Each structure stands twice: as structure tokens, then as C-alpha cells.
2 protein chains.
Amino acid sequence: MLMSMDTHLLRTFVAVLEHRSFSRAASALGYTQSAVSQHIAALEADLGARLLERRPVAPTPAGTRLMEHAPALLLRLDAARADIARLPDARPARLTLACSPAALTPAVAQALAQLHTATRLLDAEVRLLARESVLEDVLTARADLGLVDGVAAPSDPLPLPDLGPTTTRAAAEQPLAVLFPAGHPLARRRSVRLTDLTQARWIDAPDTAVPLDRLRAVCRTDGFRPRIRHRGTDLHGLASLTAADLGLTALPLPLAATFPGITAVPVEEPRLVHRTELIHTAHPTATAQQLADLIPRHGEAAS
Amino acid sequence: MLMSMDTHLLRTFVAVLEHRSFSRAASALGYTQSAVSQHIAALEADLGARLLERRPVAPTPAGTRLMEHAPALLLRLDAARADIARLPDARPARLTLACSPAALTPAVAQALAQLHTATRLLDAEVRLLARESVLEDVLTARADLGLVDGVAAPSDPLPLPDLGPTTTRAAAEQPLAVLFPAGHPLARRRSVRLTDLTQARWIDAPDTAVPLDRLRAVCRTDGFRPRIRHRGTDLHGLASLTAADLGLTALPLPLAATFPGITAVPVEEPRLVHRTELIHTAHPTATAQQLADLIPRHGEAAS
DNA sequence: AATCCTTACGGTGTTCGTAAATATG
DNA sequence: CATATTTACGAACACCGTAAGGATT
């Protein structure tokens, strides 16, 4: 009766927790409530521990532990499938590029344009995603190439989770800036120390380059408490929140300087840069490699 | 008919490639040859690609791709199971510490001794493993605590693969040294540049702190070509190979200085250290935490 | 009472082993 | 011809859905 933690079971487990309901998870997965119930029961029997509280549905401690593994496992399972699926095809002419919000720089756009004229490329697609989703898209072959941005020490790689075999390469490094509303007292300074701003009001924008928990990690502090949260990839909207004095934001300096009502001040301390990295699988398609070669580089690294 | 890449199938797939034979894999797994054959057939049907060549058994390109994912997947599956299994137990009194070869320093031994007297600890075990295996042991709960060593830039973390939720902490940083046989012309120098030694004869010791591919990565060169390879965790034997002029080795300076027939010369450029890191799961056992707290620290980081 | 999850039960389809067939070197 | 993998087949079993049973709000 004890199966070896079948992937089906993990999938429904995750779905149940996402939907906080057996029945909703069931219809989402195309199963019966009964089947979902049996799946969870089987998992619990297999692992010898209760995983979920019911009514309301919530994870037990053991369920929480399992949840720390299951999504990554399922993602990697999909990645493996995708890696094999894209192996033998006559390459479809479509090229898909997944980008986190601030990673789509003019240089990238130019590279795309070059490729377009050079190869009479039929179809290219750019997907703007939350930074967490880019790696996922590349691993599952929803995108041929990815561009993620974030903050790091100069010439350090971004700390990306290692969910499968990928290759990473620095595409750009730009100075990091804090955005102030135009009249802000600190807006006249030539540079700021991040460590002076731990107690300021910040906007947490977890889908963009600089989630606040990253700033906390990089500055080794537990300041940077968010006043409000901004979800999504709309940097212009984010900047306008700052312009309205709802809180501070950090963005790459050249980009930050383009927003109206904003004064961007470079970060002086700690020594940080806004870095963009190019991601592709260990075995990129030919066109993907072509585009990758057209995107300027700024150093090198691989995983 | 298409299953969702069942974990059984992956397990037998890996076993078949490890044993290079359907029949040997079958008996290793407690199956019939027939069952193994059916497993592989099912996987190939599911993924729509031939995975193995038969007679002799060897991976096809698609099989190679799958092999880039399957072991990590299975490891993480075991890690999840272990994470849950060790959750509710009344703690068994045994504490297991997994160490890579040069990570077991006097400070660690002292910490163990302290714990032993402080808690009248019934049973402690130290496992000396190849550096790759330490993380694996911690994830699967074969060890409560891990110590891995390697080279990195000062105060940079070691690049460990992210195969599951773990916490990492620097335990020590020591100067890195190159080992020369006692009479070697360079052995009289006060320090050496690694970049001057890319063309020298090296011993590759992939199970110890400084595999040559790591040196290549860190020096951004493709030198450091191995003359011979040394497997295993026996540093004394490794040093004696160097003493016999079979090739150079890099080790932490204080340790290197203890070997007879060897002159250890500190590395001056690039700026590198030998670093030891303490690993435990995100939810360590009480005794594991106790020991961890007794081991001196040298900075901090988490994943 | 309504909603939601669990349990009982039967049909369908899958998995395994035995054994015969087939391919390879 | 010997060894190794595949295929055929039947029995045991697992899985899902229907439907009835509990539990919780």
C-alpha cells in the first residue's frame, strides 16, 4: 500500500494547499473530491504523519516541511520533461525571451532587433514576468532565454536558486539608486548610504529587482520594513507610488532617472550594483544561442 | 497510459545506468528483469523519446538529459521524506556529524568534546566523506550536521548546490597554501601566485577541498590540468603524493604545514581563503543545534 | 441545514512475475 | 550458442468515481 511518494500525490498536495480546499483542488485538477481525499490519505500513510488540518485546510508542521520541498520537486520534474521534449525537434521559429522588470535594457532590445534583421526571424516573443518566474520559465522551456536582474556586490553573481542545470552570464551592471520624491530632503544629496535608510519608509516590490528581504540580507540588518507592497512588473507605477511619497524604492540609476517626479540618488554604501544576468538551459536552442551572443556581456559565471 | 514520470521509473532508470545493465539493476532493486524492462519502456513512452541504448546499455542524448535531473530529484525526494521523518521523534541520543576531509579542525573536535562532557552524550559519530557527499548526508538525515570546506574569496560563501532547504554558516577561514615537495625550487618563496602555476603539474583530488575545476573557475583559466587523480578523503596520502613530486596540491596552510616532506607556501594572488562551513537543515535537532553553537563562527549567511 | 471531507465499494486499468520469444555478440 | 532484453499473458493490486456516511459551522 505504501507507494514511494508518487508525484501525483505531491501535485494534489500542493494544489490543496494552494486552494485551501480539497474540493476546489479536485475540480482544478480534474479529479473528484474523493480522489483528492484518497491522495492526501495515501501521502499521509506513506510518510507516517498528518500533513493537513481540515476545516479549515491548513498545513501541519509536517505539511509545512513537505511544502518546502514539493514545489521545487515538481518544477524540476517539469524541467526534466521540458529538457527532453525540446531535444529532437526541428526548431520552431519562435524565440521566447523571459525578462524580469528592469532587465529589458536598450542593449537587449537592440540585440533582438539585430537578430530579427539578421535571420528574418519569423516570430519572437518577450514575456515580462516577476523575477521569480523567469528561471521557472527557462527551466520548463516556456522561454528559450531569460534575463533576471537584482542587486549584488560588484561582479558577484545573483543568488539564484539552483533548480536545474542552467548557465548564467552577467549581461550588465549598473549603479544602484534610491528613488526619492522630487522634494524629499535627501533628494539633493549626491549619494546615500543604504544603512542610513533602514528605518525609512519603503515600498516592498517582491516581483522586481530589489525585494526588501534582499536588501536586508545584503545589508545584514532587519530594517527596511515595508510600508506598502507593490506586486507586478509595472515599474512606472512603482515609481509613481514613490513620487506620491508612499515610500522609497531602489532601482538601477539609468532607469530611475527617467521617471517624472522622482530624484534618483546613487547608493554609495554598501558597495552594490544592479546586475542583469542572462540565463539559458545547459543546452540552448540555436537561435537562443544566437541571441545570447548578441547580448553584451559583463563578466562570466556558470552553474 | 501516460503516467506522470513516476518516481519508481526514475529510480530504476538511474539504477540501470549505474549498473549498465537491466538485469543487474533489477536484482539490485528487488525486481524482475522484465519489470525493469517495462519501467524503461513506460518512461520512454511517457517522454516520447528513447532513453537508453541496449547492449551495451548506454544513455541516448535524451537519456543523458534525464540523467542531469534524475539523481537530484531522487535526492530531494529522500530529503523531503527525511525532513518529515525526523520531525516528531523523541530524539535518539546519537549525533552524527558529516565532514569533508579538511573540515575536521581542532576547534570542531573540541566542540564535540565539550558537548560530550556537558550532556553526557551517549553516542556521537563522525563520518568523513567526500565533499560532495556531506550535503547529501545532511539532507537525507544520515547526518545531523555537516562541515564542508573549500576555497572562496575572503568572506564569500562556498558555492554549494541548492538541493533543499539548508542553513549555512562560516565556521572558519584559513589561508590557502600550495604544497611543494621539500626540495622544490619554489618552496623557498614566502608566497606564490596561483596564476603562475596554471601550467604546473597538479594532482586532482576531487573529493577534497580543492578540486582542480574549482581552481580553474576561481582563477578564470583553463590551466591546472591534472597529472594524476586522487580519490578519497586521505589527506595524508595526498600529501605524500606531492612529497614524491607527483604533482602539486592546495590545502589550508595550518594543516599543510603538518605534513612531512612538504613545504607549504601561502597563496598570495588571487586573494583566496580556505573556508569551512557548517551546514544543517532548516530545522535542526536540539543536540545538533547545541553542537552547532559550540563550533566557533566566522561570519554569517543562510540559504 | 448546508457544506465539506471521509469511507465503502465496485469496475477499470495498471503492475508485477512467469515463461516463452527474440535479438545481439 | 550464450547472454541479455523484449513480449505475452494472467493474477493481484491500485486508482478513480459513485454514493453513502460523518463531521463541522
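Lettering follows sequence order; numbering is per chain, from 1. Quick caveat, the model's predicted, so the values are computed rather than measured.
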Just the rounded figure in Å: distance from P of dT14(C) to NE2 of His8(B).
16 Å
Once you round it to whole Å, what is the distance between P of dA14(D) and CG of Asp6(B)?
14 Å
Nearest whole angstrom, please: distance from the C1' of dT24(D) to the CD of Glu53(A).
14 Å
How many Å lie between CG on Asp46(B) and P on dT15(C), as a whole number?
11 Å
B/S/- contact track for nucleotides 18-25 of chain C, protein heavy atom under 4.0 Å:
B----BBS
Value in whole Å for how far the P atom of dT14(C) lies from CG of Leu9(B)
13 Å
Given atom NE2 of His19(A) and atom P of dC5(C), what is their separation to the nearest angstrom?
12 Å
d(CZ, Arg50(B); C1', dT6(D)) in whole Å
11 Å
Does dC16(D) have OP1 or OP2 sitting under 4.0 Å from an N or O in the side chain of His39(A)?
yes
Mind checking if Val57(A) touches a base, just sugar-phosphate, or nothing, with heavy atoms under 4.0 Å?
sugar-phosphate
Separation of dA4(D) atom C1' from Ile40(B) atom CD1, nearest Å, is 15 Å
Any chance you could measure Asp6(A), atom CG, to Asp6(B), atom CG, to the nearest 0.5 Å?
4.0 Å
Closer than 4.0 angstrom, basic N to acidic O: yes or no for Asp222(A) and Arg216(A)?
no
Separation of Phe22(B) CZ from Thr12(B) OG1 (nearest 0.5 Å):
8.5 Å
Using a cut-off of strictly less than 4.0 Å, decide whether Tyr31(B) has a side-chain nitrogen or oxygen near OP1 or OP2 of dG17(C).
no
Side-chain donor-acceptor contact under 3.5 Å, Gln38(B) with Ser34(B):
yes
Suppose we screen for side-chain hydrogen bond (donor to acceptor under 3.5 Å, both in side chains). Which residues come up paired with Ser21(B), at least two apart in sequence or across chains?
Ser23(B)
Classify the ring geometry between His39(A) and His8(A) as parallel (under 30°), tilted (30 to 60°) or perpendicular (over 60°).
parallel
Scan for side chain to side chain donor-acceptor pair (under 3.5 Å) pairs involving residues 50-63 of chain B, sequence neighbours excluded, and state none if there are none.
Glu44(B)-Arg54(B)
